[in-house]
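Throughout, a chain's letter reflects where its sequence line sits, starting with A, and its residues are numbered from 1.
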Number of protein chains: 2
Amino acid sequence: MPKGRDVKQSSAGKVLNVLDLFSEENPAWTVEMIMEKLGATRATAYRYVKSLYDAGLLAPGAASTYVLGPRIMQLDRQIRRSDPLLKIAKPILDDNQSPLIGAKSISSFYGDQVLSIYVERCDPDIFLTMERGKNFPLIYGSPSRAVLAYLPPYQMKNFYSSNSAEIAEAELGDSLEEFRASMRKIRRKGCCVGNEVNNRVFGVSAPIFHDKSSVSASLTFVRRIEITSEEQAEQLTKDVIETANRISKCLKDYRPAEGDQGLIFPTPRLAG
Amino acid sequence: MPKGRDVKQSSAGKVLNVLDLFSEENPAWTVEMIMEKLGATRATAYRYVKSLYDAGLLAPGAASTYVLGPRIMQLDRQIRRSDPLLKIAKPILDDNQSPLIGAKSISSFYGDQVLSIYVERCDPDIFLTMERGKNFPLIYGSPSRAVLAYLPPYQMKNFYSSNSAEIAEAELGDSLEEFRASMRKIRRKGCCVGNEVNNRVFGVSAPIFHDKSSVSASLTFVRRIEITSEEQAEQLTKDVIETANRISKCLKDYRPAEGDQGLIFPTPRLAG
DNA sequence: ATAAATAATCTCGTTAAATGAGACTATCAG
DNA sequence: CTGATAGTCTCATTTAACGAGATTATTTAT
């Protein structure tokens with residue numbers, strides 16, 4: 001549970017920074033490009049690349065470039081296969097075949113952000129921007145806010161003090177008290193509605209708990225906005241809350257098969 | 001293009017070794033457990049964990065454990081979104097709706113292994129062991145061998161000299177000449193049949209090239225073995241070769257939208 | 001198959017960072 | 001508020017990262 005981010009960075013940290021360079025627009029880097037970007041010498045750049053290559057996080061690409069490596073896909077598979085939330089939620093979601101649901105999505109809470117970990121398209125005509133691996137700040141979008149609203153008081157206060165400007169801008173309150181009131185409102189409703197993330201759909205998110213009072217994720221049902229009536233929206237809302245509750249119930253009872261390792265999803269702790 | 005694996009390891013390498021601890025059986029580790037496993041002191045173990053946490057590769061889990069972090073899912077998404085092979089192959093695969101195909105799968109070549117990067121189930125009753133992120137040695141299974149057979153002579157020789165025992169055991173030849181002959185046989189057929197990986201299915205794999213003579217992946221079509229006749233197997237074989245060829249053709253013509261970064265799939269270089 | 005071009009690694013003195021041991025502090029539960 | 005535990009800090013010591021250029025491995029063109 002890291003306390004605060006130090007300004008100084010370890011050598012390993014500098015090596016791992018290289019991963020930041022790889023973006024959708026710039027997925028392939030030559031060592032020369034990395035040297036220039038980092039202001040490092042040739043030897044250093046090669047050493048960094050070698051460390052990452054040895055770990056499988058980079059792979060040689062065509063034209064003497066490097067690209068993100070196979071280990072990343074392997075590790076993601078590892079996560080998919082060992083995530084109790086996915087294991088538990090999938091059958092429960094499959095069980096709900098309501099034709100109102102255009103897509104189902106689970107977002108997981110990671111301290112300072114919320115990350116989509118599962119997306120299932122039910123309506124073939126729906127346009128989705130969510131996909132596994134897409135992340136959002138804690139304040140943006142209904143999947144995030146469904147989590148935010150259930151943070152323990154201590155963390156809620158922390159979050160407010162380091163994000164008061166953004167909170168005010170999002171019209172969630174101009175003071176800690178107002179912010180708390182907004183969050184209370186979401187809790188009273190039991191879910192959070194929104195289409196910030198994708199304005200072509202109606203989305204409604206409900207929190208998932210892994211413990212009596214610890215939120216660890218949220219479930220979102222979405223539906224094309226142009227085919228959604230008032231009553232349908234209400235029905236979808238009820239539905240997402242109920243399904244999320246069923247998942248929470250199973251999670252609370254869950255213990256890993258062997259050993260006594262405890263639960264293994266991220267705990268709801270705020271970073272920073 | 002790493003030469004050989006040094007015995008000595010960098011500090012960053014030692015940090016990245018921590019990722020190896022996380023397995024399906026053991027997905028959550030306390031720092032105490034890591035200390036013990038690594039033989040490191042408390043301070044060192046915490047420093048390692050902090051480096052990985054800062055990079056998002058680890059996340060705090062319940063009961064003061066750490067688990068694989070959100071960054072891994074984000075990076076995998078990055079790869080999915082920037083992989084030209086996926087982009088090009090998907091529409092071509094969607095175009096082929098032959099009822100003979102029980103599942104389609106693409107495996108990508110990563111120097112010393114072959115990794116499944118895409119799996120699509122067509123027959124709902126088929127049992128699949130393949131999934132994105134699952135890797136195989138270059139010698140095992142038809143997806144791997146379809147790649148192996150097309151390695152350039154230089155690499156083929158290298159591979160033989162460092163894997164002659166395994167090659168003999170797999171009955172691919174007791175000498176370099178015999179091995180070359182086995183590979184030539186696969187090339188003459190244009191594909192590779194097998195069910196080593198999953199004995200409930202008939203699988204046939206054909207190579208995908210990103211360049212006149214550089215193999216970079218393989219396409220596999222599988223079908224439940226109990227419903228596959230001789231003629232169907234033959235048809236599937238023709239089909240996979242033709243579809244792989246169509247993908248290769250598109251890949252050869254492909255250039256990234258902007259800039260002149262060249263192709264960005266892994267190049268066919270053997271590690272070690 | 002061979003040779004030229006390029007990519008990646010090695011060597012070594014110098015500088016900077018990792019390590020270990022134990023004290024210290026933040027966080028969480030009751 | 002208090003106690004228990006998780007995580008961090010300090011500092012002397014050891015070890016590894018760094019830079020510059022020479023060297024070797026790999027690829028490509030002939």
Asks: Quick one: is B:Y46 getting a side-chain N or O under 4.0 Å of the D:dG7 phosphate, OP1 or OP2?
Replies: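 True: B:Y46 side-chain N/O within range (under 4.0 Å) of D:dG7 OP1/OP2.
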Asks: On a heavy-atom basis, which atom in B:S108 and which in B:L85 lie closest, and how many Å separate them?
Replies: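 Looking at all heavy atoms of both residues, the closest pair is OG-CD2, 4.4 Å.
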Asks: Expressed as a whole number of angstroms, how long is the span from B:K50:NZ to C:dT19:C1'?
Replies: 17 Å
Asks: Tell me: OH of A:Y48 to P of C:dA8, nearest whole Å?
Replies: 18 Å
Asks: How many Å lie between CE on B:M156 and P on C:dA1, as a whole number?
Replies: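 Distance, rounded to whole Å: 14 Å.
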Asks: Nearest-nucleotide wise, let me know which of B:T44 and A:R42 is further upstream toward the 5' end of DNA chain C.
Replies: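 By nearest-heavy-atom nucleotide position, the 5'-most residue is A:R42.
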Asks: Would you please indicate if the ring centroids of B:F22 and B:Y66 are separated by under 6.0 Å?
Replies: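 Ring centres of B:Y66 and B:F22 not closer than 6.0 Å.
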Asks: Mapping A:E32 and A:A43 to their closest nucleotides on DNA chain C, which lands nearer the 5' end?
Replies: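 Its nearest nucleotide being more 5', the pick is A:E32.
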Asks: Whole-Å distance between D:dT5 C1' and B:M33 CE?
Replies: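 So the two atoms are 17 Å apart, to the nearest Å.
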Asks: Can you find an N or O donor on one side and an acceptor on the other, under 3.5 Å apart, linking the side chain of B:R47 with the base of D:dG7?
Replies: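 Answer no: no donor N or O sits under 3.5 Å from an acceptor.
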Asks: Do you see a donor-acceptor pair shorter than 3.5 Å between the side chains of A:T30 and A:T65?
Replies: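 Their side chains do not contain a donor-acceptor pair, so the 3.5 Å distance test is not met.
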Asks: Could you tell me how far apart A:Y66 (OH) and C:dT6 (P) are, to the nearest whole angstrom?
Replies: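 Checked: the OH to P distance equals 17 Å.
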Asks: Rounding to an integer number of Å, can you tell me how far B:L52 CG sits from D:dG7 C1'?
Replies: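 The distance from CG of B:L52 to C1' of D:dG7 comes to 16 Å, rounded to the nearest Å.
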Asks: Between C:dA7 and A:S64, is there an OP1 or OP2 to side-chain N/O distance shorter than 4.0 Å?
Replies: yes
Asks: Do the non-hydrogen side-chain atoms of A:S107 and A:V114 ever get within less than 4.5 Å of each other?
Replies: yes
Asks: CE of B:M35 versus P of C:dG22: gap in Å, rounded?
Replies: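 Rounded to the whole Å, the gap is 12 Å.
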